[in-house]
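Order of listing sets the numbers, starting from 1, for every ligand and every atom in it.
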Amino acid sequence: MASWIQWCHHWLHTLGIALLGAPSLPTTYQVPVDYSWVYKTPSFPGSVPGQGATRGGLLYTHMGMLTMLPNGSLAAAWQGSTDSWEGSPNQSLYWSVSSDNAQTWSPHQLLVPPRPPGLPVWGPVLHNQDGTMHLFYSASVEQCGGWGETGQGFSPGGDIFHMTSGDSGATWSSPAVIYPFSDRLGIPKVTANRLAVLDDGSWLLPVWHEGSRPDCGQGLRSNGAPGMLLSVDQGKSFEPILLNRPNATWLIEPTVVALKPDRPDMHIPVGLEKDLQPKVEDPQALALFRTKAGVLYQSIGYGREAREWTQPEPINVRNPDSKVSMDMTPVGTMLLAFNDASQLESGQVLWAQ
Ligand SMILES: *[C@@H]1O[C@H](CO)[C@@H](O)[C@H](O)[C@H]1NC(C)=O
Ligand SMILES: *[C@@H]1O[C@H](CO)[C@@H](O)[C@H](O)[C@H]1NC(C)=O
Ligand SMILES: *[C@@H]1O[C@H](CO)[C@@H](O)[C@H](O)[C@H]1NC(C)=O
């Protein structure tokens with residue numbers, strides 16, 4: 001477990017590790033964390049002046065994710081920009097590789113440049129399937145927001161793209177759109193967390209819809225609505241599944257794991273054992289969502305290829321409207337990395353402690 005949590009970056013500090021699926025739920029541990037930095041922006045406390053800036057000048061970094069490459073190295077990918085704000089026209093995807101189990105990291109390299117003629121790219125998701133690397137991300141299509149120093153900031157997401165690599169990411173195929181902005185009346189789609197492989201081999205890539213202006217996504221009334229991209233042919237084709245969202249909060253940045261039929265204890269959702277257990281036959285996957293409600297929400301995917309999802313409901317795990325990440329270890333323990341707070345610290349953006 002130590003190496004699993006050695007990857008904390010400033011966008012994702014681990015405050016607690018919740019072990020899901022144990023008989024007494026939920027269990028939260030304070031664990032010792034070894035930090036190894038992949039990249040520090042120059043303004044980050046403790047960074048060496050000039051280092052970040054001279055090494056490529058990223059003033060903004062966000063949406064980090066980790067995966068093992070087929071060649072045995074560990075890769076961290078994120079979105080970043082030479083501007084200090086989110087959604088800059090030159091926001092790109094970067095990555096860094098560690099070949100010593102997260103002790104040291106290579107200088108960051110450009111993974112996906114901005115989409116011409118100057119549209120930001122977002123939310124890299126890497127997936128290794130039988131030696132082939134898959135990369136999912138989104139690229140803005142039009143400006144659905146307007147922030148940043150120049151007011152030119154784009155809101156997250158757009159078209160969702162997919163590309164593959166047969167050489168651990170040294171070279172990549174051309175990107176293909178698998179879920180266009182134009183679907184569902186035109187609303188940006190975004191990815192941020194790794195996909196889950198179900199027991200039958202189907203893939204579930206968690207996505208969400210985030211319109212942030214009246215003319216971007218309003219027709220759907222689904223700003224902050226989560227979904228899944230289902231692939232039953234290992235990435236050759238994808239179909240969207242929409243999840244309901246309550247009126248009370250948005251549900252974004254879904255994280256999903258496959259449930260294992262041979263581990264009946266894993267069918268028990270955190271905090272909802274008695275409520276959900278009778279309703280869900282044939283549970284296939286568990287999804288958690290970032291919210292504005294102070295706690296995480298949860299939904300269970302069930303039936304063939306997890307095409308049905310329960311109405312998302314709050315669970316007993318705090319969330320200050322920040323991303324969480326859930327994973328399954330090889331021995332079948334589910335891990336959740338999250339910020340154990342129910343709101344932002346007053347006057348500050350402090351999503352981690
Ligand atoms: C990003 O834009 C800034 C100006 O806003 C420019 O100085 C910089 O060279 C650009 N970087 C890339 C990688 O396009
Ligand atoms: C694995 O591939 C990555 C990306 O192509 C590369 O940076 C790294 O050095 C490779 N690792 C090994 C052990 O060959
Ligand atoms: C959300 O609000 C609308 C309008 O008030 C209502 O029709 C709908 O039933 C609500 N949905 C849920 C899930 O509560």
Side-chain angles (χ1 to χ4, degrees), residues 1-12 34-41 44 47-48 51-82 90-116 120-139 160-178 191-197 203 205 231 234-236 325 327-330 337:
M1 189 154 102
S3 68
W4 195 89
I5 55 173
Q6 271 171 2
W7 41 268
C8 293
H9 314 296
H10 81 259
W11 60 79
L12 182 59
D34 291 332
Y35 292 88
S36 72
W37 290 88
V38 177
Y39 183 85
K40 278 184 190 173
T41 54
F44 199 75
S47 67
V48 178
Q51 228 174 44
T54 53
R55 263 179 46 178
L58 301 185
L59 301 181
Y60 161 87
T61 59
H62 191 41
M63 290 291 184
M65 70 90 56
L66 268 192
T67 200
M68 294 299 294
L69 297 174
N71 69 9
S73 292
L74 186 60
W78 67 92
Q79 68 193 40
S81 169
T82 51
N90 69 16
Q91 183 174 300
S92 308
L93 304 184
Y94 295 88
W95 77 338
S96 176
V97 174
S98 173
S99 298
D100 57 9
N101 204 19
Q103 301 301 308
T104 60
W105 293 87
S106 72
H108 66 285
Q109 292 182 319
L110 184 68
L111 188 57
V112 178
R115 179 185 202 171
V121 288
W122 306 84
V125 175
L126 290 162
H127 175 68
N128 171 9
Q129 186 76 48
D130 306 322
T132 298
M133 282 311 295
H134 296 259
L135 172 61
F136 303 91
Y137 64 95
S138 63
I160 293 184
F161 284 93
H162 173 216
M163 54 196 216
T164 59
S165 169
D167 54 13
S168 288
T171 59
W172 292 92
S173 68
S174 309
V177 175
I178 57 170
T191 57
N193 273 313
R194 56 172 60 83
L195 68 79
V197 180
W203 292 2
L205 174 67
S231 178
Q234 299 219 318
K236 292 187 188 68
S325 185
D327 201 5
M328 183 88 77
T329 67

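- The protein heavy-atom contact nearest to atom 13 (C) of ligand 2 is S73 OG, 3.5 Å.
- Listed by number with element, the atoms of ligand 2 under 4.0 Å from a non-hydrogen atom of L69 are 2 (O), 3 (C).
- Both the backbone and the side chain of S168 come within 4.0 Å of ligand 2, counting heavy atoms alone.
- A side chain to side chain donor-acceptor pair (under 3.5 Å) with W105 is found for exactly one of S99, S98, S36, namely S36.
- The shortest side-chain heavy-atom distance between M133 and L126 falls under the 4.5 Å cut-off.
- In this structure, H162 and F136 have parallel ring planes: the angle between them is below the 30° cut-off, well short of the 60° mark.
- The aromatic rings of H108 and W78 sit tilted, their planes meeting at an angle between 30° and 60°.
- Between H62 and W122, the ring center distance fails the sub-6.0 Å criterion.
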For M163 and V112, what are the C-alpha separation, side-chain angles and deciding distance, and is it a side-chain contact (heavy atoms from CB on, under 4.5 Å)? CA-CA 11 Å; M163 54 196 216; V112 178; 3.8 Å; yes

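- The ligand atoms of ligand 2 that sit less than 4.0 angstrom from a heavy atom of A170 are 5 (O).
- Taken from OH in Y137 to CZ in R115, the straight-line distance is 8.0 Å, to the nearest 0.5 Å.
- For the ligand labelled ligand 2, residue G72 lies outside the 4.0 Å heavy-atom shell.
- Proximity to G169 (heavy-atom distance under 4.0 Å) selects the following atoms of ligand 2: 5 (O).
- Shortest contact from atom 9 (O) of ligand 2 to any protein heavy atom: S99 OG, 4.3 Å.
- Residue contacts with ligand 2: W95 is placed with no nitrogen or oxygen under 3.5 Å of a nitrogen or oxygen of the ligand (distance criterion only).
- Looking from atom 14 (O) of ligand 2 to the surrounding protein, the closest heavy atom is N71 ND2, 3.5 Å.
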